[in-house]
Amino acid sequence: MVLRGFALASEAVLLQALDAITAQAPFRHLVTPGGLRMSVAMTNAGPLGWVSDRRGYRYDPIDPDSGRPWPPMPAVFLQLADAAAAHAGFTGFVPDACLLNRYEAGARLSLHQDRDERDLGQPIVSVSLGIPAVFLFGGLQRADRPQRVPLAHGDVVVWGGPARLRYHGVLPLKPNHHPLLGETRINLTFRRAG
Ligand code: SIN
Ligand code: FE2
């Protein structure tokens with residue numbers, strides 16, 4: 001379900017919270033298990049953070065760059081994730097991980113499934129901020145042709161239930177400018193990981 005503009009009402013608080021998180025845990029380019037540097041820069045908030053390195057993908061309570069826990073999940077993040085999930089029919093969503101993705105022009109995310117989380121009965125809530133992107137929403141097989149969903153600042157996407165394991169990704173971003181976020185797109189994905 002795409003909730004157009006759902007995050008706009010909390011935009012100012014979200015951006016403040018974002019600054020506080022990235023001051024403690026700056027965005028960084030992770031390496032895939034295959035040794036490729038990801039074009040999207042990432043960081044996390046909450047008890048668990050998604051990380052990738054030569055050893056594989058996993059959720060980890062510790063930021064490997066600082067050796068300290070990830071910054072706490074801001075209250076505004078929890079409220080937004082719960083409200084968006086409820087709109088899509090998933091009540092009582094309490095994420096324990098927020099992956100923050102920063103895209104600049106040319107950055108992309110290839111088709112993948114979110115399957116590192118323990119309880120696949122819980123949905124994924126994805127919040128788009130900054131310059132626009134085209135979200136690819138595929139099927140349950142990698143080869144299924146994905147739908148192209150344009151996402152703008154403030155849009156929220158929720159997928160779960162029978163759609164929980166659908167392949168998804170983001171096309172390479174076109175250069176653009178957003179009055180609050182400059183040349184970047186920031187995406188927050190909320191997960192119940194542990
Ligand atoms: C993700 O699949 O984790 C992020 C999707 C997005 O950036 O819209
Ligand atoms: Fe994903």
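Note that ligands are numbered from 1 as they come in the structure, with each ligand's atoms numbered from 1 the same way.
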Could you check atom 8 (O) of ligand 1 against the protein and tell me its nearest heavy-atom contact, residue, atom and distance included?
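Heavy-atom neighbour on the protein nearest atom 8 (O) of ligand 1: Arg185 NH2, 2.9 Å.
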Proximal atoms of ligand 1 relative to [X] (non-hydrogen, under 4.0 Å):
| X | result |
| --- | --- |
| Leu109 | 1 (C), 2 (O), 4 (C) |
| Tyr103 | 4 (C), 5 (C), 6 (C), 7 (O) |
| His168 | 2 (O) |

Give a yes or no answer on whether the side chain of [X] reaches the backbone of [Y] with a donor-acceptor pair at less than 3.5 Å.
| X | Y | result |
| --- | --- | --- |
| Arg102 | Thr184 | no |
| Asp96 | Gly194 | yes |
| Thr43 | Thr22 | no |

Below 30° counts as parallel, above 60° as perpendicular, anything between as tilted: where do the rings of His178 and His153 land?
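If you compare the ring of His178 with that of His153, the planes turn out tilted.
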Would you call the rings of His87 and Phe6 parallel, tilted or perpendicular, where under 30° means parallel and over 60° means perpendicular?
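Ring orientation of His87 relative to Phe6: perpendicular.
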By salt bridge (Lys or Arg N to Asp or Glu O under 4.0 Å), which residues pair with Arg28, not counting sequence neighbours?
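Once residues adjacent in sequence are excluded, the partners of Arg28 under the salt bridge (Lys or Arg N to Asp or Glu O under 4.0 Å) criterion are Asp63, Asp65.
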My understanding is that only residues two or more places apart in sequence, or in another chain, count here; which of them pass salt bridge (Lys or Arg N to Asp or Glu O under 4.0 Å) with Asp82?
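Counting only residues at least two positions away or on another chain, Asp82 forms no salt bridge (Lys or Arg N to Asp or Glu O under 4.0 Å).
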Applying the salt bridge (Lys or Arg N to Asp or Glu O under 4.0 Å) test to Glu117, which of Arg58, Arg164, Arg192 qualifies?
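Only one option passes, and that is Arg164.
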Test your reading of the structure: does Ser128 have an N or O sitting under 3.5 Å from an N or O of ligand 1?
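No: no nitrogen or oxygen of Ser128 is under 3.5 Å from one in ligand 1.
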Using distance alone, decide if ligand 1 has a nitrogen or oxygen within less than 3.5 Å of any nitrogen or oxygen in Arg191.
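Checking ligand 1 against Arg191, an N or O pair does fall under 3.5 Å apart.
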Excluding sequence neighbours, so at least two apart, what forms side chain to side chain contact (heavy atoms under 4.5 Å, CB included) with Arg118?
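Partners of Arg118 by the side chain to side chain contact (heavy atoms under 4.5 Å, CB included) criterion come out as none, since no residue qualifies.
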With the Fe ion (ligand 2) as the centre, enumerate protein N/O/S atoms below 2.8 Å in chain and residue order.
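Hits for the Fe ion (ligand 2) below 2.8 Å: His112 NE2, Asp114 OD1, His168 NE2.
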Closest by any non-hydrogen atom to atom 4 (C) of ligand 1: pick that one out of Asn101, Leu151, Val157.
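Among Asn101, Leu151, Val157, the closest heavy atom to atom 4 (C) of ligand 1 comes from Asn101.
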